[in-house]
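So the structure is just underneath, and the comments pick up after that.
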There are 2 protein chains.
Amino acid sequence: MARVTQQDIAKVMGVSVMTVSNAFNRPDQLSPDLRTRVLERAAKMGYTGPDAVARQLRSGRTNTFAVAFEEKLSYAFSDPFSVAWLAAFSEVMEESRASIMLLSVPAGDHEALAAVQDAAVDGIAGLCGNQPAMIRARERGMPTVYCTLATRADADGKGDYVVIDDHAAALEMAGLLRRLGHRRVFLLVETLYPGQPRMAEYRPEEFRDLVDAHAGSLFSDDLRLSGLVGGLQGLDVTVVPVGTNSRAAGHAAGTLVLDRKDRPTAVVAVSDVMALGFMDALRQRDLVPGVDVSVAGFDGLPEAAEAGLTTIRQPVRDKGRLAAELLLDPERKDRRIILPHELIVRRSTRPVA
Amino acid sequence: MARVTQQDIAKVMGVSVMTVSNAFNRPDQLSPDLRTRVLERAAKMGYTGPDAVARQLRSGRTNTFAVAFEEKLSYAFSDPFSVAWLAAFSEVMEESRASIMLLSVPAGDHEALAAVQDAAVDGIAGLCGNQPAMIRARERGMPTVYCTLATRADADGKGDYVVIDDHAAALEMAGLLRRLGHRRVFLLVETLYPGQPRMAEYRPEEFRDLVDAHAGSLFSDDLRLSGLVGGLQGLDVTVVPVGTNSRAAGHAAGTLVLDRKDRPTAVVAVSDVMALGFMDALRQRDLVPGVDVSVAGFDGLPEAAEAGLTTIRQPVRDKGRLAAELLLDPERKDRRIILPHELIVRRSTRPVA
DNA sequence: CTTGTTCTCTGTAACGATAAAGAACATCAT
DNA sequence: ATGATGTTCTTTATCGTTACAGAGAACAAG
C-alpha cells in the first residue's frame, strides 16, 4: 500500500525512470504511443502524478511565497489594511500561478520562528520589516520584501521594500494641526515595546527613552510617531499606547481621555482603525469630531472616507501588488520603492474653537 | 557562492554528514563539545540551517495544509462567512504549529488545478466538497475535509467533512414561511451552473432540470434550495440566480424584484450576505423588512443579528476548527461530522398582511 | 579477563524526482 | 557510401537531508 513512484512504473513496464518522468513533463521527448501507454499504466497502478516535494528539491524552486504576520492570523483577516494589502498581493500571485503560505510569528514566540526556517518557499513578504520573521528569513538568505519602515535605520538594512515616507507624512499631519491652532494633542499608538502597559500616558521626552531602552524590539510606528512629535514640538503632547491596533482599543482610549476636564483639542492615531474607534467614543458622548475634538488617522481606509476622517492616504493596493512583483521577479531593478502618500483633510479636523 | 550544505561542513571539518545533521536535530547524539564546534563552523560558513524542502522529502511530511477556494482569494478575505471560517481554521493550525497554504482554483480554470498537484501539503480543506480542487486532491490520495455538502450524493463520496444538515434546515425555514401565511416567495441563489445567466427567473419545475442538465458542475447550494422548494410546494415560488454570493448581488436582486406590481411577500436567500443586500434595497425604498416584505437568509452572521434578519445559524467557527482538527489528526475516529443548526426568527419575517 | 552497556561517531542507502549527456537506430541529402 | 540530422530512449549523477545499522572506545559489573 506504499506510495507508487515513477520508479515502480518504470520497473513494471521495463522502461527507464526518465521515460516515465518525461511522459508527464516533456511529451516531446518520447513517442506518443509509449507516452500513452505509460500514462495508462500509471493510472492503473494508482500513480497520482509527480510528487511535489521531490520536484521542488530537484528544481530548487517551490513557486510558493510566504506572508508573515506578527499577530495571530485571525488579525490578518480582520484588519482592513491588512486585508486590502493581502488581496492585492494575492491577486498578483494568482496571476503568476504562485501559491501563498501564511505564517504567523507573534513577537516573542520563539517556537513560531521555526516556521520560517521550515517554510518551503521562494521568498517572504511582511507588513513590517523589523519583525523577527523577516530578520530570520534574511538570515536564511531568502528574498524578502516588507511594506513599512519601522525606523530610519531599516532603510539601510537588508531586504527590499515598498513603503511610503511615514516620517514626512507625519510631519504634514503635524503641520495641519498646528495651522488649525491646536495646542493640546494626544497621540495614539499601538505599543511602544512588547509588554508595554496599555493606556499609560507619556510625555514626548519620556517615550523616546522607553523606545530606545527596548531597542531592537518591534515598534513599527516609530517613524509616524516621531514625525508627529517632531512636528508638534512646543505644544502640549501626550503619547498613549493603546495596546492593539484595533477599533476597540481606539474606543478604549476615548473612554480614557474624553471624560476628564482637560480634554485634548486634537487626537491623532497612527492608524485609521484606532482613530475610528476613538470616533465611536465621541459619538457615544454626543460629541462631534472636528467640533468638540479634532481627530485624524493614518492609512486612508474606505471606512475613513465614510466617517469623514482626516487621514494620510497610502496606496495599500500598490504596496501589496509591488511586494508580490518584487518577489516574483528577482531580476527587477528598483527594489526599494517609496510610494507617494497624501494628506486628506476631512471634516474631523477643524480649527480649534 | 553556491548554497552551503551539511555535506560541505562535514567535508571541511572532517566529520560525517550525519554528525552535522545531528548537531542540528538531535543534540543527544553527539558530544556537546563537537556539537558546538559544528554549529560554530556552520555559522562561519554561512550555513543557514537544514533545507526545508530536503527535509520534507526525507521525512514525508510538510506540516503544511492547504485551503482551497473556488474564487479569487480576495473573495476569501471579503466574505464574512469565509473569513470567520478561516480564522477558526487558522487558530487551530497555529496552535499546532502547522502552516497554511492558500489555493485559488476558480471553476473552469484548468491551469489553476495544477496548483493542487504542485502543492507540497499534508492535506487540504475547502468550503465546498464538490469543487474541482477537492476532487483533484482526493485523486492524489490527499486527505481532504470540506464544510458544505452540495448534494446528497456527496455524503456517500470520498473525503471527510464537517457540515450541517442544510436540507433539514431549509425545510424548517420553509415551514416558518408557510406558518406565516406567505404564498408568493422568491428564492435567491448564487448560480445554478457555471455560466448561468444572472437574474433569470425560474419556476421550481424548471430549475431542477437545469441543474441536472449541468450535473457534475458546481452547485453548492443545492441542498438548501431543494429543501426550500420542497418545503414550499404548492406555493408560488420563483428561483433567481443572482450571480455571485455578495451583498451587491442581493441588492441587485432587490432592484429587480421590488419595483414591480406583483411583489413577493417573502424572499429567502441561501446566504445572509445576499439577504442583507436585499434588505439594503428595501431600505432604499423605505420598505420595512417583515412588514412590506419578509426576508430570510442562511448562515447566522453577526451582521444578520444586527439587521434583525431571520436566518439559519450554523456553527461557522466549529466548522473551521473541526476541519483543522481532522486534518491534523488522521487517527481521529468520527470523520464525518454533522453539526447542529438553528432557525433564528427575527423581525425580518412576519405574518403576511 | 570476559561480557555487557553506554557513548560517540561513521557509512550507506534511501526520499522521488529531473538535468544533462549519450547511445542506438532511422532518415535524408549529397 | 558518407556524413549530417533527428527521434527515441537510457545512463548517470545529483538535489539536501535523515533513518538505520553498526563500529570502536571506554567503562562497569561479574
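Below, read A as the first sequence line, B as the second, and so on, with proteins coming before strands; counting in each chain starts at 1.
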Take atom NZ of A:Lys11 and atom C1' of D:dT10, then tell me their distance rounded to the nearest Å.
16 Å

Interatomic distance, A:Met13 CE vs D:dT10 C1' [rounded to whole Å]:
15 Å

Nearest whole Å is fine: how far is D:dT14 C1' from B:Asp8 CG?
14 Å

When you check the side-chain N and O atoms of B:Asn25 and B:Arg55, is any donor under 3.5 Å from an acceptor?
yes

Taken to the nearest whole Å, CG/B:Asp28 to P/C:dT8 is 9 Å

Judged by modelled atom types alone, do A:Thr62 and A:Gln56 share a side-chain donor-acceptor pair under 3.5 Å?
no

Minimum heavy-atom separation for B:Gln6 to B:Pro50, with atom names?
NE2-CG, 4.1 Å

Can you give one letter per nucleotide of nucleotides 10-19 of chain C, 5' to 3': B if a protein heavy atom sits under 4.0 Å from the base, S if only from the sugar-phosphate, - if neither?
BB-BBBBBBB

Here the distance between atom P of D:dG16 and atom CZ of A:Arg140, to the nearest Å, is 13 Å

Above 12 or not: heavy atoms from other molecules or residues under 6.0 Å from CZ of B:Arg332?
yes

Determine whether the aromatic ring centres of residues B:Phe77 and B:Phe69 are separated by less than 6.0 angstrom.
no

What about A:Phe81 and A:Trp85, are their ring centers closer than 6.0 Å?
no

